[in-house]
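Comments concern the structure below.
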Amino acid sequence: MSSAVLVLNCGSSSVKFALYDPESQERLLNGLAERVGTPNASITIKYASGPRTIEDLAGTDHKGVLATVLDELGDWMTENGVTISSVGHRLVHGAEEFAESALITEETLDAVRRCSPLAPLHNPANIAGVEAAQAVLPDVPHVGVFDTAFHQTMPQVAYRYAVPTEWYADLGVRRYGFHGTSHLYVSGAAADMLGKPLEDLKMVTAHLGNGSSLAAIRDGVSVDTSMGLTPLEGLVMGTRSGDLDPGILAYIAGRTGADVDSITNDLNKRSGLLGLSELSNDMRELEAAAADGHEQAALALEVFTYRLAKYIAALAVPLGGIDVLVFTGGIGENSHGTRAKVLDHLAFLGFELDPEANDRTIRGQGGPITRSERPVALVVPTDEELVIARDAHRLAATANPDQTNPDKEVSA
Ligand code: ADP
């Protein structure tokens with residue numbers, strides 16, 4: 001029998017899951033449950049032999065979905081001699097309570113609940129996922145891995161907003177940052193790719209997906225990031241505005257009568273690339289439309305890359321210069337057009353694009369895309385689930401030394 005780590009990412013209506021071999025760090029399978037809690041719920045499991053989709057899940061909640069997934073995986077695990085030795089949960093907001101991953105106990109869950117007002121959509125769904133998974137797998141250690149934890153090393157000068165101090169002291173209003181597992185993973189992988197110690201590199205990592213954020217990494221830790229109290233701050237994203245004048249809220253409320261919830265919804269769901277283009281939030285579609293002469297799509301791409309480049313350059317301040325720029329996420333890994341535009345804006349910092357390397361570095365490939373070696377720009381495919389699996393395995397060993405192999409160093 002070999003052991004596997006189950007990685008779970010529970011949203012309000014979806015559950016992403018994956019099984020990892022903790023020794024080889026290979027992903028054994030993965031899948032997605034969608035529209036959980038609705039009549040159209042479905043589960044797709046991607047086995048090496050091909051995908052399998054399960055429907056007829058009407059009335060099933062997170063717990064029911066997880067029970068169905070584990071039931072489905074049961075045969076595969078028996079056939080392959082695999083048992084689940086730990087579960088790693090992606091948890092969105094750990095506020096100042098969590099600077100690292102944590103074994104899930106009742107106290108841990110209480111602390112995650114205390115963070116919920118900061119992420120009212122995400123944390124309750126995450127907690128429901130943990131409770132459902134604990135009910136289905138009560139005998140293995142469960143570990144929480146937080147999106148915010150990696151950025152807890154930011155100094156006060158980076159995380160404080162210039163607002164009344166009691167907002168911070170009483171209500172936790174500060175910058176937290178997100179996408180921590182991705183920034184952590186790609187910074188380590190980039191240093192490995194370059195054959196240099198991470199601690200010696202002044203690095204900006206750009207996670208560019210539907211949500212996008214930057215991290216400034218110095219001495220191997222996050223010293224600044226572009227997202228804030230919520231994932232709305234910073235870069236232009238698929239449907240989120242990123243930075244704007246907070247005075248806009250009162251202006252729109254005054255002019256239209258809209259309330260805070262509806263304006264916040266517009267800033268999260270109807271803004272960004274979608275708002276500018278009035279066409280799509282999807283980079284592929286926008287690139288195709290812009291190439292066909294769609295002016296608003298072209299403008300959306302210009303605003304996206306301009307803001308991105310401006311923000312990358314700003315992070316040279318906390319770093320004292322930039323040695324390495326890493327592109328990751330669906331856009332960072334695939335959109336050579338975005339990368340070329342950003343590096344063109346940043347040529348004054350010494351980045352010199354290698355157009356051929358840039359054009360061929362797509363679909364899960366990594367490597368340098370500049371002729372310049374310092375600063376160098378790299379593409380590094382991210383693997384957030386692997387970070388969760390590694391942490392789950394490492395912390396599970398401290399909870400249950402008999403079931404796992406503490407001799408093997410798998411720490412992130
Ligand atoms: P999420 O943040 O939801 O995990 P992803 O990291 O998968 O999202 O990124 C999604 C984005 O990546 C979309 O805007 C999509 O258009 C873009 N993308 C994916 N493949 C390509 C491609 N080949 N060229 C340009 N953009 C791409």
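Whatever order the structure lists them in is the order used to number ligands and atoms, beginning at 1. Hydrogens, waters and symmetry mates play no part in the numbers below; they use all other heavy atoms, side chains included.
Among the atoms of G329, none of the N or O lies under 3.5 angstrom from an N or O of ligand 1. Of the polar atoms of G209, none of the N or O atoms is found under 3.5 Å from an N or O of ligand 1, judged by distance alone. By the 3.5 Å distance cut-off applied to N or O atoms, S335 is not counted among the residues near ligand 1. The shortest N or O to N or O distance between G330 and ligand 1 is under 3.5 Å.
Under 4.0 angstrom from ligand 1, the non-hydrogen atoms of E287 all belong to its side chain.
Counting heavy atoms only, R284 comes closest to atom 27 (C) of ligand 1 of the residues M237, H207, K16, R284.
Atom 14 (O) of ligand 1 has its closest protein heavy atom at M283 N, 3.0 Å. At the shortest separation from atom 2 (O) of ligand 1 among protein heavy atoms lies N210 N, 2.9 Å. Of all protein heavy atoms, the one closest to atom 11 (C) of ligand 1 is I331 CG1, 3.7 Å.
A salt bridge does not link D243 with R307: every distance from a Lys NZ or Arg NE/NH1/NH2 to an Asp or Glu carboxylate oxygen is 4.0 Å or more.
For D383, there are no salt bridge (Lys or Arg N to Asp or Glu O under 4.0 Å) partners, not counting sequence neighbours.
In this structure the side chain of L299 never reaches within 4.5 angstrom of the side chain of E295, judged on heavy atoms. Counting heavy atoms from C-beta outward, N9 and I388 have side chains that stay 4.5 Å or more apart.
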